[in-house]
J.: 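Take this structure, written in C-alpha cells, and hold onto it; I'll ask about it next.
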2 protein chains.
Amino acid sequence: MAKKSELLQGTLDLLVLKTLRQEPAHGYAIAQKILVSSRKVLDVQQGSLYPALHRLEKKGLIESEWREGDNGRMAKVYSLKKAGKKQLEEEMEEWSRYIAAIQWVLEA
Amino acid sequence: MAKKSELLQGTLDLLVLKTLRQEPAHGYAIAQKILVSSRKVLDVQQGSLYPALHRLEKKGLIESEWREGDNGRMAKVYSLKKAGKKQLEEEMEEWSRYIAAIQWVLEA
DNA sequence: TTACTATGTGTAGAGAGGCTATGCATTATG
DNA sequence: CATAATGCATAGCCTCTCTACACATAGTAA
C-alpha cells in the first residue's frame with residue numbers, strides 16, 4: 001500500500017510554509033529540512049515540491065530570488081510573505097481541528 | 001452546517017473501515033456515524049462515500065448484503081471482512097506514524 | 001393534496017495535487 | 001573518468017474527493 005514517500009494531499013503546502021517560517025531556503029534544502037525534521041519519514045519528491053513552490057508563489061504566499069550559496073551554486077531562494085504567514089496560521093488551525101476530528105473517530 | 005469539510009485524501013477509507021469495525025452498517029448510516037463521532041467536523045459527502053464503498057468492496061476488504069431495516073426500507077449493509085480488519089490495523093499504524101512525522105515538522 | 005424533508009443508493013465530470021520519469025547543468029568524490 | 005550529490009523544472013499519470021445530478025420511498029406539515 002502506501003509507500004513511505006506518499007504524502008496526504010493537502011499537507012505539502014503546510015509543511016513548506018512551516019519550513020520557510022524558520023528562514024528562507026531554496027527548494028532542495030526545503031525537502032532536506034522536512035526530511036530531517038520529520039525524522040526521515042516524510043520524503044518530499046521533487047516532482048511534488050517544485051510545482052508546490054510555484055503554486056505558492058503564484059498565490060502570493062512566498063517569493064523567490066536567485067542567489068549564490070556558499071558552495072558557489074545558484075539557487076532559487078524562497079521566503080515567506082506576509083500573506084504566507086497568515087495562511088500558515090490558518091492552515092495549522094485547520095490541521096489541528098481536522099486531526100482531532102479523525103482521532104475522535106478512530107477512538108470511538 | 002457551515003464549513004465544507006474537505007477530507008484529506010486517503011483518510012476516508014480509514015474512517016469507513018474503522019466505523020464498520022464497530023458493527024455492520026449501510027452507507028447512509030456510516031456517514032452519519034462519522035459525522036457524530038467526529039463531533040460534526042467530518043461531513044462525508046455521498047459522492048465520496050459510495051464510490052469509496054465500492055472501491056473497498058472491490059478490493060475484498062468489505063462485503064455487502066441487501067437487508068430490510070427497522071423502517072421497512074431496503075439498504076445495502078456493509079460488513080468488514082478479515083482482510084479489511086488487517087488493512088485497518090495497517091492503516092491505523094501508518095496514520096499514527098504519519099501524524100507524528102507531521103507534528104515533528106510543525107513543532108520544529 | 002401538495003410539498004417538503006429525511007432516508008437511501010448511485011453515477012458523471014471536474015479539479016486538485018502528489019507521483020514517476022525524464023531532462024538538463026554543475027560540483028565533489030572515488 | 002564515472003558516479004553521486006546538488007539544484008531546478010516539466011509532462012503525463014493516477015487517485016481521490018467534490019459538486020451536481022438522478023432516482024425512489026416514507027413521514028410530516030401546510
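In what follows, every chain begins at residue 1, and chains take the letters A, B, ... in the order their sequences are listed. Because the structure is predicted, anything quoted here is derived from the model rather than measured. These numbers come from the heavy atoms of this one structure, side chains and all, not from hydrogens, waters or symmetry mates.
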J.: Looking only at side-chain atoms of A:Q45, point me to the closest of C:dG18, D:dC16, C:dT20.
T.: C:dT20
J.: To the nearest Å, give me how far apart CG (A:L49) and P (D:dA9) are.
T.: 10 Å
J.: So, is A:R55 close to the D:dA9 phosphate, meaning a side-chain N or O under 4.0 Å from OP1 or OP2?
T.: no
J.: Given axes from five pairs at either end, by how many degrees does the helix from C:dT1-D:dA30 to C:dG30-D:dC1 bend, rounded to 10°?
T.: 10°
J.: Measure the distance from CD on A:Q9 to C1' on C:dG15 and round it to the nearest whole Å.
T.: 10 Å
J.: Among residues at least two apart in sequence or on other chains, which ones pass side chain to side chain contact (heavy atoms under 4.5 Å, CB included) with B:K81?
T.: B:E63
J.: Do A:L35 and A:L42 come within less than 4.5 Å of each other through their side chains, counting heavy atoms only?
T.: no
J.: For B:E57, which residues count as a side chain to side chain contact (heavy atoms under 4.5 Å, CB included) partner, sequence neighbours excluded?
T.: B:I62, B:S64, B:Y78
J.: How close or far is atom C1' of D:dT17 from atom CG of B:D13, stated in whole angstroms?
T.: 11 Å
J.: Hey, does the side chain of B:E91 reach the backbone of B:E89 with a donor-acceptor pair shorter than 3.5 angstrom?
T.: no
J.: Please report the distance, rounded to the nearest Å, between NZ in B:K58 and C1' in D:dC16.
T.: 15 Å
J.: In whole angstrom, give the distance that lies between atom OH of A:Y98 and atom C1' of D:dT17.
T.: 10 Å
J.: Please indicate whether A:E107 has more than 12 foreign heavy atoms, meaning atoms of other residues, nucleotides or ligands, lying under 6.0 Å from its CD.
T.: yes
J.: Pairs of donor and acceptor atoms involving the side chains of residues 67-76 of chain B, under 3.5 Å and at least two apart or interchain, shall be tabulated with distances.
T.:
from: B:R67; atom 1: NE; to: B:E65; atom 2: OE1; distance (Å): 3.1
from: B:R67; atom 1: NH2; to: B:E65; atom 2: OE1; distance (Å): 3.0
from: B:N71; atom 1: OD1; to: B:R73; atom 2: N; distance (Å): 3.0

J.: For B:G10, answer base if it contacts any base atom (sugar-phosphate contacts may also be present), sugar-phosphate if it contacts only those atoms, and nothing otherwise; contact means non-hydrogen atoms under 4.0 Å.
T.: sugar-phosphate
J.: Would you mind reading off the distance between A:I34 atom CD1 and C:dG18 atom P, rounded to a whole angstrom?
T.: 11 Å
J.: For B:S64, which contact category applies under a 4.0 Å heavy-atom criterion: base, sugar-phosphate, or nothing?
T.: nothing
J.: Are the side chain of A:S48 and the backbone of A:V44 linked by a donor-acceptor contact shorter than 3.5 Å?
T.: no
J.: Starting at the 5' end of nucleotides 4-14 of chain C, put B wherever the base has a protein heavy atom under 4.0 Å, S where only the sugar-phosphate does, and a dash everywhere else.
T.: --BBBBBB---
J.: With B:A52, which residues qualify under side chain to side chain contact (heavy atoms under 4.5 Å, CB included), at least two apart?
T.: B:L12, B:D13, B:R55
J.: Above 12 or not: heavy atoms from other molecules or residues under 6.0 Å from CD of A:E93?
T.: no
J.: What is the distance from CG of B:L12 to P of D:dT17, rounded to the nearest Å?
T.: 5 Å
